[in-house]
Structure formats: C-alpha cells, structure tokens
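In what follows, a single structure is set out as structure tokens and then discussed.
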Amino acid sequence: MRPCAVKKTVQTFQQFAILDMHFLNRQLLSIGFVFLFLAKCGTSIDDLNKEVAKVPNPRVERSSWIQDSAGILNNEIEINAIITFHEAKTGAEIAVVILPSIGEIIPKDFAVALFNAWGIGKKGKDNGILVLHVIDQRRIEIEIGYGLEGDLPDAIVKRIIDYYAIPAFKAGNFSKGHHDTVLALVRRMENPSISAEDLLQNEISDSSTNSGTTIFPSDLPTENPNADVAFSEEANQEESPLDPRLSEFYRDYKGKSYAQLSDEEKITLSRAISESEYDRYTLSAEEKSLAEEYHKDVENSRFQSSLILHSIISVFLLGVLFAIKRVFDSKANAFKDPYKKYDFYLKYFTYIYYAAYFFGTIALTVFIQGFIAKSPEATYVAPPFLLFFPFCFWSESSTKGKMRILRKRLQVIRDEPRTCSTCQQQMRKLSEEEDDEFLKKGQIAEEYLKSVDYDVFICPASHSLILKYVNIDPEYEYNGTSFIKIARCLKCDSRTSIVTSSKIIRDADYDSPGSVEVHRSCKNCGHSGSDRLTIPQLQRSSSSSSSGGGSSSSSSSGSFGGGSSGGGGAGGSY
C-alpha cells in the first residue's frame with residue numbers, strides 16, 4: 001500500500017473515532033440526565049404536604065374563592081360572584097386554584113391533598129369542589145367532596161372538563177374555560193337531570209371573552225445603501241499572492257475534478273484547506289473550486305460513518321430487547337397450567353412493557369442522531385426523545401395502553417383449552433350466559449359489580465372447573481379514591497360490599513389527623529358495616545393564621561367549612 005493511502009486510512013479512522021467519542025459523550029450525558037430526572041420524580045407525602053402548604057388560602061387572605069397564582073384570569077370577580085351566590089343558596093363551596101407549577105407532583109395527588117388540607121365544603125356535608133389548574137403540566141383536575149358525588153359523578157365531571165374547559169384552554173382562553181366550567185358545575189348541582197352538554201346552552205357571557213390587541217413594531221429604518229461601498233472595492237481586489245513559506249502545499253491540479261485526483265493530491269489539498277482555515281495559507285482559484293467538492297466528500301464520509309455506527313447500536317439495543325422478550329416468553333411457557341401462566345404475566349408484564357418503551361425509545365433516538373451527528377442540534381435530540389420514556393411511564397394514556405395490552409394477553413391465556421383432571425378429556429369454556437348456571441349467588445353478584453370475573457369450563461362427562469379472576473384495573477378498584485370502593489363482605493366473604501355514604505368523625509387540624517367513617521352495604525347478603533379512615537393532618541401556610549375546620553354553615557369569611565374528599569372527580573389535559 002502506498003504511503004498516501006496509509007495516511008488516508010489513518011485519517012478516516014481518526015475521524016470515525018472522534019465521531020464515536022462525541023456520540024458516546026452525548027449519549028452518556030443524555031442518559032444520565034434522564035435517570036437523574038427519574039430519580040427526582042418520586043414525591044413523598046412530606047414533600048407533597050410541604051408544596052400544598054405553600055399555596056395561599058384565598059378564604060383566609062381576602063375572603064375569595066379563587067387563588068390565581070398564575071395571573072391568567074381577567075374575569076375573577078365574575079367567577080367569584082357565581083360561587084358566592086351558589087354557596088349562599090346551597091352551602092356548597094367551590095375553590096378555583098391556578099398554579100404556574102407544582103414541580104413533579106402528580107396533579108391528582110396534589111388536588112386531593114389540597115382539598116383535605118383546606119377542608120373545602122361544609123363539615124359533615126362534604127359538599128366541596130376544587131378546580132385545580134396546573135399551567136406547566138397543561139392539566140386540570142376537578143375534585144369532588146363525598147357529599148356531591150351523587151349529583152356530580154366522575155363521568156359527568158369528565159364530560160364537563162372535555163366539553164367546557166379543554167376546548168377553551170387549547171384556544172388560550174383560560175378565562176372563558178374557568179368561567180364556563182364553574183357555571184356548568186353550579187348548573188349541574190341545581191339541575192341534576194340536565195346532560196353535561198346542555199348545561200350552558202342558553203348562556204351568553206361577554207366577560208368570558210379575552211380581548212387584546214396585538215402590537216406590531218414599526219419597520220426599522222433602512223440602512224445607508226452606500227455604507228458598504230468601501231468594502232465592495234476590497235471584495236473585487238485580486239487574490240493576494242501565496243505565502244512563500246507555505247509554497248509546499250501549492251500544486252497545479254491541471255483542471256482535474258476532485259474525483260480525478262490521486263490519493264496523494266487529495267491529501268495535499270486537504271492540508272492546504274486545513275491551513276487556510278487558520279489564515280496562514282490563501283487558496284488559489286483552482287483550490288477553492290476543488291475545496292467545495294472536498295467538503296462534500298468529507299461530509300458524505302462522515303454521514304456514512306455516523307449512520308453505520310448509529311444503526312449498529314440501534315440494532316444492538318433492539319436485539320437486547322428481543323432477547324429479554326424471548327427469556328420472558330420461555331419462562332411463561334414453562335408453566336403447563338394456564339392459571340399459573342396467568343399469574344406470571346400479571347406479576348412481570350409491567351417490566352417487559354416499560355423495557356420495550358425504554359430500549360425502543362433509545363434505539364429510535366440513536367438512529368435519528370445518525371442523520372444529524374455533525375450538526376449542533378444532535379446534542380439536543382437525545383434528551384427530548386429519552387424524556388418520552390418517563391412520560392410514557394407516568395402518563396394516563398400509557399397506563400391505559402398497558403392495561404389494554406395486558407388484558408388482551410391475559411384473555412388469550414384464559415381462553416387456552418383445559419384438560420379435565422378427573423377424566424382427562426378436553427374441556428369447553430362456557431359463555432357468560434351459560435356459566436351462571438354453575439355460579440353461586442355471591443359469584444353472580446361479583447360479576448355484576450365487575451369486581452370478579454369467573455370462567456367456567458366443562459368436559460363431556462359434565463365435570464366443571466371454575467376459575468376466579470379479580471379485576472386488575474386499579475382505576476375501577478379505587479376509582480380515584482383513597483380507599484377501595486368495592487371491598488370483601490365480612491359476612492358472606494364475597495367482593496360485593498360497596499360504599500353507600502361517609503361521615504366526618506373528627507376534623508383534621510394542624511396538630512393531628514382526622515378520621516372519616518365510610519359506610520358499606522353488601523349487594524349479595526345485605527350486610528352493612530363501616531370503616532374508619534384517616535384524613536391527612538392540615539399544614540400551615542405562611543399566610544394562614546387560623547384553622548380551616550370551622551363548623552359554621554356559611555363560609556363568607558374566614559377559611560373553608562371543614563369538608564373532605566376521598567378522591568372523586570376527574571381530570572383532563574390540553
């Protein structure tokens with residue numbers, strides 16, 4: 001191999017190595033940033049209470065129902081008047097809280113904690129509502145007190161959010177969104193028979209319209225057209241002579257194109273171009289023409305090297321993911337009993353689901369960086385893409401997607417054929433209508449409440465097999481509350497005991513937590529009972545000087561009335 005060819009090979013290898021190191025540095029920095037983000041995402045109860053305590057109580061500060069810390073409302077007086085009139089008429093309390101940020105805390109958790117810390121609603125009636133709007137998370141949460149869940153069930157609250165708040169928020173009209181949302185809640189409490197979409201059918205509100213004038217700057221004065229005349233003559237001057245000290249780089253390329261140059265000529269040209277970048281060598285007209293082709297060739301070489309490197313890493317990451325999935329499937333298939341396989345999937349599927357998100361996101365990020373590795377923007381590609389993983393980990397849509405995929409996979413396992421343990425014959429799975437004949441009254445009630453689902457298999461010899469599957473959806477089990485809405489009955493042992501009412505036993509104060517008594521009734525045997533649950537201790541804010549647990553029937557002054565919420569309500573993002 002000629003010396004010039006060796007030099008070119010070494011030069012190419014050095015470029016590839018430098019590109020590789022830059023890529024690894026960017027990836028390590030990006031991945032470290034993401035894991036630092038994940039480490040900070042966990043929020044303890046103490047941290048939550050501290051953040052809640054920072055929110056000024058508008059009832060204490062200025063006898064208002066609205067705390068607009070973000071300063072986005074231009075109709076606060078009108079909204080406040082609607083709430084005041086409704087509170088005087090019915091006793092129900094509505095608090096509107098708009099915050100620029102709550103950090104990394106989940107808005108739902110923050111809403112429940114703030115609701116109970118302030119005691120929104122009347123003591124013993126629990127007729128309070130909290131409308132929480134978090135600007136940086138683009139999220140609204142409406143928290144409903146125990147006593148209003150009959151008039152404002154979760155489904156209705158969700159429809160009010162989707163119909164009145166979200167469209168206005170997306171349009172940037174926050175004043176209209178909050179006005180219409182509060183008015184819709186009031187109308188629904190006054191007329192529970194009206195559908196959510198018709199609550200404001202005849203409402204015309206001038207104050208809910210944001211008015212503003214866009215001011216355009218005047219045109220800047222035009223620069224003096226003769227300002228650059230002095231430079232125009234200099235630009236047309238003849239090229240300066242070559243520096244005799246660097247004449248070793250000068251060659252006559254005899255009109256060749258870059259592709260026609262020999263390897264030795266290409267190396268000499270690259271050295272001349274490199275020296276010219278430091279203003280120590282002036283390129284000739286021929287060298288300038290060849291320099292354009294030289295830069296294109298270098299760019300193409302770097303692009304190919306970058307794309308190959310990133311593609312290899314992406315394929316490797318996907319291969320790791322495929323290997324993890326193969327191991328998971330092999331362990332699951334090792335169970336001959338489908339019932340045990342079902343439990344295995346239920347226990348470990350979440351890890352596989354998020355591993356697919358994590359490795360898939362990194363592989364996609366690496367592959368895209370391969371196209372723009374030399375561009376400065378490449379440094380900023382990884383963090384946004386990698387942050388897609390924590391978004392998928394905590395977002396409501398991702399959780400629902402995971403549950404949907406898991407349910408489909410578990411249903412396949414549930415439908416797998418069974419062999420009768422008595423006669424060893426193939427068993428047939430009965431339909432939902434057919435299996436009621438083999439179920440007890442309590443089991444049928446559980447299926448009706450969707451707390452438990454039963455599969456019944458029967459063989460030709462009439463031997464039956466009944467398999468029990470508890471509802472795995474946490475949203476159904478808790479439905480946004482801090483306690484289980486459908487519990488096991490202490491008398492008939494069926495999962496059919498539902499919440500019928502609740503009563504505050506002792507208000508929470510700044511020194512100790514409170515308690516609430518939750519009454520349940522069994523839909524199978526009729527047995528009634530009650531549970532004692534804890535209400536979080538109140539936290540003092542810097543502007544608060546009095547407790548929020550007053551017992552008066554009106555909250556026109558002072559703090560809120562001492563109500564509480566168990567988590568009922570709904571939320572939405574825009």
Side-chain angles (χ1 to χ4, degrees), residues 45 106 108-109 111-113 115-116 121 124-128 143-158 339 342-343 346-347 350 399-400 403 406-407 410 414 432 435-436 439-456 466-508 513-536 563-570:
I45 298 298
I106 298 173
K108 178 65 178 178
D109 296 342
V112 175
F115 193 112
N116 291 325
K125 294 184 178 180
D126 300 326
N127 53 349
E143 198 68 22
I144 305 296
Y146 293 112
L148 294 179
E149 289 186 354
D151 294 336
L152 291 169
D154 298 350
I156 293 296
V157 176
K158 179 64 175 173
Y339 206 63
Y342 178 95
D343 291 337
L346 190 60
K347 185 176 182 180
T350 299
T399 302
K400 291 181 178 178
M403 292 301 301
L406 177 59
R407 277 195 292 265
L410 293 179
R414 288 173 58 173
E432 290 295 330
D435 63 13
D436 287 349
L439 299 179
K440 299 177 181 178
K441 179 184 175 182
Q443 294 172 330
I444 296 175
E446 288 177 329
E447 283 200 326
Y448 176 78
L449 294 175
K450 297 183 179 180
S451 59
V452 180
D453 192 23
Y454 290 92
D455 286 348
V456 179
I466 301 177
L467 301 176
K468 177 180 180 180
Y469 299 96
V470 177
N471 195 324
I472 62 173
D473 189 353
E475 285 298 321
Y476 176 81
E477 189 79 12
Y478 290 85
N479 197 21
T481 65
S482 58
F483 54 86
I484 298 177
K485 283 199 168 183
I486 302 179
R488 187 181 301 278
C489 178
L490 298 178
K491 183 177 180 181
C492 65
D493 201 37
S494 298
R495 198 179 292 267
T496 52
S497 183
I498 66 173
V499 175
T500 56
S501 64
S502 62
K503 180 182 179 182
I504 300 293
I505 302 300
R506 181 164 54 86
D507 284 328
S515 62
V516 57
E517 186 176 34
V518 179
H519 298 277
R520 301 180 185 273
S521 177
C522 179
K523 290 296 183 181
N524 177 42
C525 66
H527 174 73
S528 298
S530 60
D531 294 331
R532 286 285 184 92
L533 303 175
T534 301
I535 301 175
S564 62
S565 170

Below 4.5 Å, heavy atoms only, C-beta onward: do [X] and [Y] meet side chain to side chain?
X    : Y    : value
N524 : K441 : yes
N471 : S451 : no
L346 : L406 : yes
D453 : E447 : yes

Calculate, to the nearest 0.5 Å, the distance between atoms [atom1] and [atom2] belonging to [X] and [Y] respectively.
X    : Y    : atom1 : atom2 : value
K440 : Y454 : NZ    : OH    : 9.0 Å
S497 : R488 : OG    : CZ    : 11.0 Å
L410 : D343 : CG    : CG    : 9.5 Å
I144 : D126 : CD1   : CG    : 12.5 Å
L467 : R414 : CG    : CZ    : 8.5 Å
E149 : D154 : CD    : CG    : 6.5 Å

Between [X] (side chain only) and [Y] (backbone N and O only), is there a donor and an acceptor less than 3.5 Å apart?
X    : Y    : value
R520 : G529 : no
E517 : S530 : no
Y339 : K468 : yes

Test of understanding: with side-chain contact (heavy atoms from CB on, under 4.5 Å), list the residues that count as partners of S521, not counting sequence neighbours. T500, S528

With side-chain contact (heavy atoms from CB on, under 4.5 Å) as the criterion, how do Q443 and V452 come out once you've worked through the C-alpha distance, each side chain's angles and the decisive distance to 0.1 Å? CA-CA 8 Å; Q443 294 172 330; V452 180; over 6 Å; no

Please give me the minimum heavy-atom distance between [X] and [Y], naming the atom from each residue.
X    : Y    : answer
D436 : E432 : OD1-O, 3.5 Å
I486 : R495 : CG2-O, 3.5 Å
C522 : T496 : SG-OG1, 3.0 Å
L439 : V456 : CD2-CG2, 4.0 Å

